[in-house]
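Numbers for residues simply follow the sequence, beginning at 1. Counting convention: from 1, in listed order, for ligands and their atoms alike.
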Amino acid sequence: MVLRLSQLFLRTLREDPVDAEVASHKLLVRAGYIRRAAPGIYTWLPLGLSVLRKVEEIIRQEMAAIGAQEVHFPALLPREPYEATNRWTEYGEGLFRLQDRKGADYLLAPTHEEMFTLLVKDLYSSYKDLPLSLYQIQNKYRDEARPRAGLLRGREFIMKDSYSFDVDDAGLDASYAAHRAAYLKIFARLGLEVIPVAATAGAMGGSKSEEFLFPTEIGEDTFVRSASGYAANVEAVTTVVPAEVDYSSAPAAQVLDTPDTPTIETLVAASNQIFPRPDGEAWTAADTLKNVVLAVTLPTGERQIVVIGVPGDRAVDLKRVEANIGAFLPVAGEIGLEAAGEEDLKKHPLIVKGYLGPGMSLDQALLGSEGNAKLLYLVDPRVVSGTTWITGANEAGKHVYGLVAGRDFTWDGVIECTEVRAGDPAPDGSGPLETARGIEMGHIFQLGRKYAEALDLKVLDQNGKQVTVTMGSYGVGVTRAVAALAESNHDAKGLVWPRAVAPADVHVVAVGKGEDIFATAEQLSLDLEAAGLDVIYDDRPKVSPGVKFGDAELVGVPTILAVGRGLVDGVVEIKDRRSGEAENVAVDKAVDYVVNTVRNS
Ligand code: ATP
Ligand code: MG
């Protein structure tokens with residue numbers, strides 16, 4: 001196809017849109033690929049659609065290659081299936097809910113596990129029908145708290161979501177592995193560097209899960225990696241746990257006056273004065289047990305206090321707490337999490353701010369349920385049995401010294417909750433961790449039987465017994481991929497698309513006024529098209545060469561063919577958008593030259 005700029009629905013802009021912060025957002029708007037319709041909601045213009053379709057096509061081919069079949073669900077769905085899995089509530093404020101004229105509840109789907117499960121239940125009933133993988137490429141709706149960065153975090157966005165159905169765990173492992181391999185191929189074909197990282201399953205439930213992160217400074221996800229291959233989302237990093245300590249000869253704990261020591265710093269300084277370490281070394285923050293009071297807002301709206309005990313040299317990372325606290329709460333779903341405020345503390349008068357501790361002995365425990373209805377008390381994995389701590393004595397101005405974990409106090413659970421630092425050891429022993437930022441491009445989950453159980457998806461197995469199906473779910477952010485591609489392929493002048501997704505193969509520019517220039521440019525465009533290429537032809541009369549070149553560079557097609565002054569000598573200029581290298585090529589060789597360039601890249 002030849003897209004003529006005199007006809008194409010395109011207006012490029014000289015100025016960055018005022019609401020844009022990141023390069024992909026600025027350039028996709030300026031180069032006429034997308035327009036904002038509302039916060040986090042975008043209209044696709046012809047050039048944008050062309051790139052989007054190419055990304056989708058690559059995904060479709062790789063899904064077909066693993067035998068996944070395409071279907072298409074509505075985005076507007078009834079409440080009931082989501083009620084059955086409790087996600088109507090669990091999704092919290094992220095869900096767009098609406099009602100029809102009769103007052104029945106509907107939602108705009110944020111993801112489609114329920115519908116796929118019900119569809120398979122509707123039509124299939126035997127193990128012979130499985131394994132099965134279905135997918136769709138479809139709009140999703142999430143009322144994101146902070147839609148940002150254009151297409152990177154939208155409230156309407158396109159996702160490719162697939163779902164696998166198997167009779168047993170081995171089948172699920174195979175489906176998961178097939179999707180994982182397909183994802184690596186998709187991102188390789190797109191030319192997007194991604195790192196698969198271990199992830200937590202979050203609100204989706206299920207067990208094994210990995211994210212495919214595109215490393216970039218503007219990413220909202222922090223992940224860690226070691227030099228020799230370990231990589232994980234920060235939420236999923238597991239702490240290297242110290243060995244348990246024999247406390248049979250540890251002295252009894254004692255309470256000492258520590259006036260004016262409400263912070264870890266003041267406590268460490270005072271401790272070195274009044275209670276020097278027996279071995280002559282100095283106490284450090286790591287010797288103290290800091291008890292952080294958090295308020296959790298449950299999906300039901302109820303507020304619950306949780307206390308987390310961590311070594312005093314570590315900050316609590318709320319994202320890690322949020323990802324891992326689910327197992328300790330009475331209801332599943334999206335929660336709110338913050339430091340407890342004055343109002344919360346008022347309801348728990350036993351909490352002495354700055355001097356909170358688990359209690360001097362097991363039977364005086366303030367924290368940890370241990371049969372009594374005490375406050376839920378979770379600890380960092382470094383608090384292992386036999387470790388000795390300096391911590392609050394639950395009285396202003398007093399701390400307890402030599403409090404032994406497992407002897408003097410206990411806890412309701414162990415939680416990954418503290419900040420992960422550069423230099424921390426990787427859990428697989430592969431060396432120190434470094435931290436980096438990234439954007440999640442894809443996410444694969446072993447859901448297991450959670451959805452099949454909730455919606456009663458069973459098949460008859462080989463022995464004629466009803467078994468619950470096990471499922472996986474796999475998502476790629478399609479519109480996010482377009483943005484990530486723009487983010488990683490641009491320069492000061494504009495976009496620089498990789499060939500696989502460029503809106504055209506070649507951008508022909510007629511530069512100057514002569515009729516022969518336009519006639520030659522026109523003919524070359526038609527010949528390039530006849531050779532099977534997608535062509536943009538800047539045929540606009542009376543537009544200056546500067547504006548035409550500026551637009552060509554902004555739009556970012558990989559090859560620019562300029563027909564201009566050189567024509568009197570029988571040559572045109574063919575320029576590589578990425579390297580900026582230009583070559584004069586004889587007019588009658590130009591088509592072959594471009595065709596070869598496209599083929600060889
Ligand atoms: P994030 O952590 O970035 O919010 P998520 O974990 O909520 O993403 P999933 O539910 O795993 O996302 O969705 C699958 C894929 O859909 C993601 O890997 C991402 O590429 C894409 N995606 C999710 N939310 C958005 C969004 N708001 N805008 C664009 N793409 C998105
Ligand atoms: Mg995800």
Got a list of side-chain donor-acceptor pairs under 3.5 Å for residues 323-330, not counting sequence neighbours?
{"unit_1": "Asn324", "atom_1": "ND2", "unit_2": "Glu235", "atom_2": "O", "d": "3.4"}
{"unit_1": "Asn324", "atom_1": "ND2", "unit_2": "Arg320", "atom_2": "O", "d": "2.9"}
{"unit_1": "Asn324", "atom_1": "ND2", "unit_2": "Glu416", "atom_2": "O", "d": "3.2"}

Item to check | Aromatic plane relationship, Tyr183 with Phe212 - under 30° parallel, 30 to 60° tilted, over 60° perpendicular | outcome: tilted
Checklist entry - For ligand 1, which atoms sit closer than 4.0 Å to a heavy atom of Gly442? => result 18 (O)
Checklist entry - What residues form a salt bridge (Lys or Arg N to Asp or Glu O under 4.0 Å) with Glu322, not counting sequence neighbours? => result none
Checklist entry - Numbering the atoms of ligand 1 from 1, which are under 4.0 Å from a heavy atom of Met159? => result 13 (O), 14 (C), 16 (O)
Item to check | Proximal ligand 1 atoms for Met441, defined as those under 4.0 Å from one of its heavy atoms | outcome: 18 (O), 20 (O)
Checklist entry - Have Thr435 and Arg421 got a donor and an acceptor in their side chains that come within less than 3.5 Å? => result no
Next on the checklist: Test salt bridge (Lys or Arg N to Asp or Glu O under 4.0 Å) on Asp380 and Lys290; report intermediate values, then the result.
Outcome noted: CA-CA 10 Å; Asp380 177 80; Lys290 177 167 68 177; over 6 Å; no
Checklist outcome for this item: Short version for Glu220: what comes under 4.0 Å of ligand 1, heavy atoms counted, is neither
Checklist entry - Atoms of ligand 1 less than 4.0 Å from Leu152 heavy atoms? => result 28 (N), 29 (C)
Next on the checklist: If the contact criterion is a heavy-atom separation under 4.0 Å, does Ile439 count as touching ligand 1?
Outcome noted: no
Next on the checklist: So Val501 and Pro498, do their side chains get closer than 4.5 Å, heavy atoms only?
Outcome noted: yes
Item to check | Val476-ligand 1 polar pair, N/O distance under 3.5 Å | outcome: no
Item to check | Basic-acidic side-chain contact under 4.0 Å: Arg30, Asp16 | outcome: yes
Item to check | Selected option - heavy-atom contact closest to atom 1 (P) of ligand 1, from Arg148, Arg146, Arg153 | outcome: Arg153
Checklist entry - With Thr479, which residues qualify under side-chain hydrogen bond (donor to acceptor under 3.5 Å, both in side chains), at least two apart? => result none
Next on the checklist: Counting only nitrogen or oxygen atoms and a 3.5 angstrom limit, does Gly475 reach ligand 1?
Outcome noted: no
Checklist entry - Is the Tyr42-Phe157 ring centre distance short of 6.0 angstrom? => result no
Item to check | Best match, Arg480, Glu144, Glu440: closest heavy atom to atom 3 (O) of ligand 1 | outcome: Arg480
Checklist entry - How many angstroms lie between CD1 in Ile34 and CG in Leu28, if you round to the nearest 0.5 Å? => result 5.0 Å
Checklist entry - Do NZ/NE/NH1/NH2 and the carboxylate oxygens of Arg578 and Asp491 come within less than 4.0 Å? => result no
Next on the checklist: Below 2.8 Å, which protein N, O or S atoms neighbour the Mg ion (ligand 2), ignoring water?
Outcome noted: Glu440 OE2, His443 ND1
